[in-house]
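Here the structure comes first, spelled out in structure tokens, and everything after it is commentary.
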Amino acid sequence: MISAGIDVGIKTVKAVILRDGQILARRLALSGGFDRARSAEQVWGKVLQAAGLPPADVNRVIATGTGKWDVRFANDYVVEPLADVRAALWLFPSARSVIDIGADQARVVRFDVNGRILDYVLNQKCAAGLGTFAETMARTLEVPLEKMSELSLKSQREVLINAQCAVFAELDVVSLIHNNTAKADIARAVNDAIATKLSAMVGEITVEKDVVLFGGVASNIEVVNSLKKRLGVDLLIPEKPALAGALGAGLIAAAG
Amino acid sequence: MTIPKTHRKWRTRPLECWQKAKELRQRFYQDAATAREQGKTPVEGQPFVNAELLCGVGNFTTEFWTPLGASIAAASNEFSRQCINETQMRGYGCDTCGYVRNVWGAMFLNLHFLGGEFPRPDFVLEEGGSCDIQNKAGQVIAEHFGVPLFHTDLTGYFCPANAERDEIREEYWIGQTLDEIEWLEKVTGRKFDDEKFSETVKTGLRIRTLAGEVFTLNQNIPAPLDQKSMYSFFILGALVRSEQEETLRFWEMLRDEVKERVANHIAAVATERYRWIEEAPPPWYFLKYYRYMEKYGAVCVGSPYVQTIGCHWRWGEDGTYHPRENPLELGWPLNTREELIRAMFVVNRGRGGGVGRHGATPEATAERLLSMAKAFNADGAILPLWRSGIGYAFGMREVALKLTEAGIPTMHYEGSQPGDKTDFDEAQVLDRLDVFMESQGLRKLED
């Protein structure tokens, strides 16, 4: 059986195709503006090409993510926590909690061995700790987002910025720049702020080991290290953490 | 949305007395807006004021600013925004109660949400409680119109019930209310009619007990009423007080109809398969979320907020809720002003802490919600986090934790305040509702 999952987020669209429950192809691309339906179709075209399949060969497609309703070719939809749980268990059978940090949404989910959700928490309106926060800070520092982790490793001094509000944090960063604070130190402070906010959210439920980390922010080593230190647990991170939602949706599609 | 017949578990039909409820509500607001034309005297009042006293001094209509603020939010987001901006432009903070910003704004703009001018009151009655903003709301209105104000101090405390404190609290309130009667006589130039007052108080007691009967019937499966409908009823005779006799007859009619629905398993929601409770005022500008939840076959069966304000009830040893016997039924002497006022206090203000939820510690609120979840056979709870309206947000996270530990799934949504749509993200809330339901294994019941 050929199944697929597509995860339409606010910043990126991810798609994964599986054959008999094994990954055949996967793709990620920027959402490209307001037309999420078109973005989804474009990524869909690319992942089909990578898999060498025509659309008709795919038996079932499930969409997830904030833009899931825009995926017109999906057979069904699933909420993001369910996709996360399915992917977490498939990647790491010992997993019992998953943290997923996306551009506009973060969630922590605790589940049992059968994938039944026991408890969960979602971020509320606050954007601090999310991908968009990290992007805004990188832009303010005039540093590519993917370089923030590497830069923070060069930090010589600890500085503090407001961890509670993305808007206030940006103002803090501007003040630090004007005070000639080293960019590396600011980058480290930003990563710490993200980890602080996330660990506060994780603390709202009782996570159970093993804990898995998904989402684009999982690629930031400094944030991950800071988070591990604050939570006092090791975090299992897959090879492509940003594609976990699409993988989970594809696995659910495979199950019928 | 078409729901296949296979998903319908129960018979349902519209409430027969719905139209009557609408008429009473409409008439209340129309009366307040057109008081002088009808030869009545308009009074502005905070919801918990002693509106019964006004019956003793003449033909008054009272506009309560909390229901008015909520009604503005529900009726028109555009007008609400206008009112809120007008208030904030005059220096009032955006963390001021949304209801009050709506009402003050309407007053500053001299507009009533039903059309026409904002009614100019002859005086203002205000009662303090644990709501910091509402304690002062009347002062702004009185100063704006240059009219007299009487403030009753209603004390509360945030700790377990204490009999000695309750007694002091009660006697203090009764004393002030007796002063209020003298003040009303002075301000209106009229002699207080004790007989009329007595009639009004006793009718009010009966109304609150009837409301208790109605709301406790929602413990049955299927629920005969849904929460959205209950919001249209709960303030009748409580926060919206006019035509008391007619209001009493309405509650008798509603009670009889709900009993009949229970006896014949007639549901508010034909697809009822999931029952949930909530706490605190809902987003009045987004009441469609109750209908959204019904797409899952989920019905909201109760809220301590509604039941505490709107009715008189008690927790029974059998683990269920019952209408609480009122002083009339208990045979209290109700002859003197003091005796009548004491009865008003016990029924409307309550002993044991503060006013409804405001006086409860997070532990007490959690216990109350837990007991309600069990008695009302609730499968989950939805608890808002209001950034202003902090009295209701206080302890809500602890409450959610306690419910979750007891096996009651809980979700939160955020917003500024029930009367203020600023920062309320409709799409996000609907998304959260989907996650809440699907995480419990429930999909929408649609074709």
Side-chain angles (χ1 to χ4, degrees), chain A residues 8-10 36 62-70 75-86 97-98 100 102-112 114-128 130 132 164-165 167 200-201 203-207 245 248-249 252, chain B residues 1 94 283 286 292-293 295-296 379-388 393 395-417 420-447:
Chain A
V8 182
I10 206 163
R36 292 196 292 193
I62 286 185
T64 188
T66 50
K68 55 184 169 292
W69 310 113
D70 294 321
N75 300 109
D76 205 348
Y77 310 90
V78 71
V79 293
E80 297 80 274
L82 287 175
D84 278 346
V85 168
R86 186 61 73 97
S97 305
V98 58
D100 189 342
D104 68 321
Q105 196 186 96
R107 48 194 169 267
V108 185
V109 189
R110 183 166 59 92
F111 48 92
D112 67 14
N114 298 312
R116 188 173 67 101
I117 292 179
L118 302 173
D119 198 3
Y120 73 92
V121 62
L122 306 175
N123 66 297
Q124 294 292 334
K125 293 197 68 64
C126 183
L130 305 181
T132 45
Q164 293 307 309
C165 172
V167 175
M201 208 179 98
E204 289 181 31
I205 70 170
T206 308
V207 290
I252 293 171
Chain B
M1 177 189 77
C94 56
F286 193 61
Y292 187 81
M293 287 292 278
K295 293 183 183 190
Y296 287 93
D379 303 294
I382 297 179
L383 308 176
L385 296 172
W386 296 120
R387 277 197 286 286
S388 82
M396 205 60 99
R397 302 287 262 171
E398 287 85 349
V399 170
L401 268 173
K402 190 111 183 174
L403 288 175
T404 307
E405 280 164 13
I408 311 278
T410 309
M411 76 159 259
H412 288 303
Y413 61 86
E414 261 188 307
S416 294
Q417 199 267 350
D420 175 10
K421 204 177 176 184
T422 310
D423 297 335
F424 187 84
D425 188 335
E426 285 190 12
Q428 192 194 60
V429 170
L430 292 177
D431 199 52
R432 298 289 191 260
L433 291 173
D434 288 334
V435 170
F436 184 54
M437 297 311 292
E438 293 198 25
S439 68
Q440 296 175 74
L442 295 167
R443 302 294 308 263
K444 282 185 194 152
L445 302 170
E446 288 179 331
D447 289 334

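- The distance from atom CG of A/Asn123 to atom CD of B/Gln428, rounded to the nearest 0.5 Å, is 6.5 Å.
- Contact annotation for A/Phe111: neither backbone nor side-chain heavy atoms come within less than 4.5 Å of a heavy atom of chain B.
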- Message: Before you tell me yes or no, could you show the steps for B/Val435 and A/Gln105 under side-chain contact (heavy atoms from CB on, under 4.5 Å), namely the whole-Å CA-CA distance, both residues' side-chain angles and the distance that decides it to 0.1 Å?
- Response: CA-CA 13 Å; B/Val435 170; A/Gln105 196 186 96; 5.8 Å; no

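- Between A/Glu80 and B/Asp431 the shortest side-chain heavy-atom distance falls below 4.5 Å.
- Listed by chain and number, the residues in a salt bridge (charged side-chain N to carboxylate O under 4.0 Å, His left out) with A/Arg107 are A/Asp84, A/Asp100 (sequence neighbours excluded).
- A salt bridge is absent between A/Lys68 and B/Asp434: the closest approach of a Lys/Arg side-chain nitrogen to an acidic carboxylate oxygen does not fall below 4.0 angstrom.
- Taking both residues in full, the closest heavy atoms of B/Glu438 and A/Leu82 are given as O-CD1, 3.7 Å, listed atom of the first, atom of the second, then distance.
- What you find for A/Tyr120 and B/Phe436 is that their closest heavy atoms are OH-CA, 3.1 Å.
- Among A/Val79, A/Ile117, A/Val85, the single residue meeting the side chain to side chain contact (heavy atoms under 4.5 Å, CB included) criterion with B/Ser439 is A/Ile117.
- Residue B/Met437: no heavy atom, backbone or side chain, is found under 4.5 Å from chain A.
- By the neighbour-count criterion of 12 heavy atoms within 6.0 Å, atom CZ of B/Arg443 is densely surrounded, having more than that number from other residues, nucleotides or ligands.
- Of the atoms belonging to A/Glu204, heavy atoms from both backbone and side chain fall under 4.5 Å from chain B.
- Interatomic distance, OG1 of B/Thr404 versus CG of A/Leu118, reported as 11.5 Å (0.5 Å rounding).
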